[in-house]
Amino acid sequence: MAKINQKTSLAGDNRSNANKLVMRTVVATIFGVFLYLSIPLFSVWSIAVLPLVCGVFTWLAAKDDNLGAVSAALIAAIGSVILWPKIQASLPQLTFGFFLIIQIVLAVAPALTAKIAKVRVNPQIVALSLLVVIMLNFIITANASSAEISQASAYEPPAEAYGFDGIFFLKMFYLVDQGVDYYKAYDVAFEQDSRFDRPPSVIGGWRMPTTFWFWSFIADRGDFLVKYFIMFSLVLMLCAYLVAEKFTEPAFAVISACLIGTYMLFGVSSWWYTELEYWGMFLAIPAATLYLYDKRYFALPLAVLAGLMREWVALLLIAGLIDSIVKRRWLESGVWATACAFVGGAYVININHIMAYAKQTNLPLSLEGAGAGQGGFGFILYTLQFGASYFAGGLNLVYVFFFVGIIGAILTGARSKNFYWATAILLPLAAFMYYGSGKVPGDPAGWNDYYNINFMPYVLIAVPFAAKPLIDIGLGMLEKLDVAKKS
């Protein structure tokens, strides 16, 4: 009887291990497709880098050489079908059959090589190697795609020769860097903008001076700002990996870094790179990373400075306050509440300076905000088009990332009893349920769609958070099926 029970137990263990491997492979394939469709292609050679990176990822994620190869082949096949129109447009002489074969062969190579050579390495070291490859790919792509913008940014925009917010902010940088008073510079930049004659008559159309002062401190020319944008984006990619590694395995954490890098490419390759939300995020995400790694007092000054750049970014301070209160860290709650009050007070002072300047220059000014009551879920979905162009899967893929990221943040928050990241996502989403432009999916781009910078980086980082919960949910379903079969 004991031998029978032992055999039954071994059979059960084997079945349980097989179920785990199956679910890991399924989830690895799903997230591998996400990775495949998110790595930007900078040249013909990156067509080879793409399947190799995904092949190494699935080998790590599946934790089985054979299943890793199967997963990699599926990813290459699915990704090739979706990516083919873009490849065909740039390489018309290439046939789909040849492209598909090359992708599958390269994708399965890491797992098959590991099987033949019996390679066993530290997963974190391999994941970090993948991270380096993805970051190098970002540097090459960003430098190539930003060359024209960088060259144009080396010179101050002439009067009446610009009519776009991003170039307006660049004009502001040059004026402030020359020593012009910020409020006077705001007036001059609007006067010389081909779209306007004077600054907006509503207080919501004005900005804090913090970012322009920061730019003047770190750069002398606009093309230097482009280089800083690339450098800070690399910092965000590293932070994304570190944050994701708190909630998922190293292999899946690489996806977070890749998604952030691809998202930031849209900014650095266009005049949007001066958008203030980007620069607030350059400080906010490192602050949030320090917070998660229990370096909360080091996170505080970065979060404060980020909040002083843009009011929406300041919601991260409120996330820290909420987290401190929920976890009953009363002293910290007081510190974060003080920081919130400090930033709020700075905005009040800025409003007073704007009103004083308006009175001095006879500029009509109303305290009304812009976009109140024009938000909503439709507006949030509308904003998702911003930054989507470098993802091979396009806007449809970004929609998937949006929902998977939110679900992943909430599920991992429930499992770890740490809702800080979910709060950082949900606070700006709640704000944009009220504030917005009234636009909905399908409307022309450019009507405050850039507002997604205030939540999308947090969402993209959280996408692979959903991996482990999905594995566990799938495993539970398989176990229930086994029980049902036995009964």
Side-chain angles (χ1 to χ4, degrees), residues 19-39 53-64 67-68 71-72 75 121-135 236-263 285-286 288-294 397 400-426 455-476:
N19 286 344
K20 287 179 181 178
L21 287 175
V22 168
M23 284 315 306
R24 289 191 66 86
T25 304
V26 170
V27 173
T29 302
I30 293 170
F31 283 88
V33 172
F34 290 168
L35 183 60
Y36 188 98
L37 296 177
S38 300
I39 300 175
V53 168
C54 291
V56 174
F57 162 75
T58 52
W59 172 58
L60 283 180
K63 292 190 175 180
D64 180 271
L67 291 176
S71 176
I75 291 166
V121 294
N122 186 322
Q124 191 170 42
I125 293 175
V126 179
L128 287 172
S129 300
L130 281 181
L131 177 63
V132 170
V133 171
I134 287 172
M135 292 174 80
L236 293 197
M237 293 173 74
L238 178 60
C239 288
Y241 176 85
L242 293 173
V243 169
E245 202 182 25
K246 295 283 287 185
F247 299 102
T248 189
E249 298 169 14
F252 289 98
V254 172
I255 296 174
S256 293
C258 180
L259 298 185
I260 283 294
T262 305
Y263 177 80
I285 289 179
T289 305
L290 288 169
Y291 192 98
L292 277 177
Y293 276 81
D294 295 327
L397 182 66
V400 173
F401 288 159
F402 177 71
F403 291 106
V404 172
I406 293 173
I407 292 169
I410 293 173
L411 287 179
T412 53
R415 292 160 67 95
S416 63
K417 293 183 171 52
N418 186 344
F419 285 97
Y420 173 73
W421 205 262
T423 305
I425 293 172
L426 295 176
F455 59 83
M456 205 58 188
Y458 299 125
V459 172
L460 292 174
I461 290 172
V463 167
F465 292 9
K468 194 171 190 314
L470 284 176
I471 292 172
D472 292 342
I473 291 169
L475 192 57

- Item | Side-chain heavy atoms of Leu60 within contact of Pro250, under 4.5 Å | no
- Query: Rounded to the nearest 0.5 Å, how far does CD1 of Ile461 lie from CE of Met456?
  - Reply: 11.5 Å
- Item | Exercise: identify the closest heavy-atom pair between Ala61 and Ala251 | N-CB, 4.3 Å
- Query: Is there a side-chain contact between Tyr263 and Val459 (heavy atoms, below 4.5 Å)?
  - Reply: no
- Can you sort out the partners of Asp294 under side-chain hydrogen bond (donor to acceptor under 3.5 Å, both in side chains), two or more places apart, ordered by chain and number? Arg296
- Mind checking the CD1-CD1 spacing from Ile75 to Ile30? Nearest 0.5 Å is all I need. 10.0 Å
- Sorted by chain and residue number, the side-chain contact (heavy atoms from CB on, under 4.5 Å) partners of Tyr293 (sequence neighbours excluded) come out as Leu242, Glu245, Lys246, Thr289
- Under the side-chain hydrogen bond (donor to acceptor under 3.5 Å, both in side chains) rule, collect the residues that match up with Tyr458, sequence neighbours excluded. none
- Considering residues at least two apart in sequence or located in another chain, which fulfil the side-chain contact (heavy atoms from CB on, under 4.5 Å) criterion with Leu411? Ile407, Pro469
- CE-OG distance between Met237 and Ser256, expressed to the nearest 0.5 angstrom: 10.5 Å
- Which atom names give the shortest non-hydrogen contact between Ser38 and Leu259, and what distance separates them? OG-CD2, 3.2 Å
- Could you give the distance from CG (Leu470) to CE (Met23), rounded to the nearest 0.5 Å? 7.5 Å
- Query: With sequence neighbours left out, what residues match Ser71 under side-chain hydrogen bond (donor to acceptor under 3.5 Å, both in side chains)?
  - Reply: Thr29
- Message: Give me the atom names and distance for the closest heavy-atom approach of Ala62 to Leu21.
- Response: O-CD2, 3.7 Å
- Partner set under ring-ring contact (aromatic ring centres under 6.0 Å, His included) for Phe34, not counting sequence neighbours: Phe31, Phe401
- Give, for atom CZ of Phe402 and atom CG of Leu460, the distance between the pair rounded to the nearest 0.5 Å. 10.5 Å
- Which residues share a ring-ring contact (aromatic ring centres under 6.0 Å, His included) with Phe455, sequence neighbours left out: none
- Message: Are the side chains of Pro457 and Ile285 in contact, using a 4.5 Å heavy-atom criterion?
- Response: yes
- Note on the structure: Residue set satisfying ring-ring contact (aromatic ring centres under 6.0 Å, His included) with Phe419, at least two apart, ordered chain then number -> none
- When rounded to the nearest 0.5 angstrom, what distance separates CD1 in Ile39 from SG in Cys54? 4.5 Å
- Message: Looking at every non-hydrogen atom in both residues, tell me the closest pair between Thr58 and Gly55 and how far apart they are.
- Response: OG1-O, 3.0 Å
- If you look only at pairs with a residue in residues 24-38, which of them pass as a salt bridge (charged side-chain N to carboxylate O under 4.0 Å, His left out), with sequence neighbours excluded? Arg24-Glu249
- Message: So, using side-chain contact (heavy atoms from CB on, under 4.5 Å) as the criterion, who are the partners of Leu128 when residues are at least two apart?
- Response: Gln124, Leu131, Tyr241
- Task: Scan for salt bridge (charged side-chain N to carboxylate O under 4.0 Å, His left out) pairs involving residues 467-476, sequence neighbours excluded, and state none if there are none.
- Result: Arg415-Asp472, Lys468-Asp472
- Query: Taking only residues two or more places apart in sequence or in another chain, which ones pass side-chain contact (heavy atoms from CB on, under 4.5 Å) with Ala462?
  - Reply: Ala409, Trp421, Ile425, Phe465
- Query: Taking C-beta and beyond as the side chain, do Val53 and Leu35 meet within less than 4.5 Å on heavy atoms?
  - Reply: yes
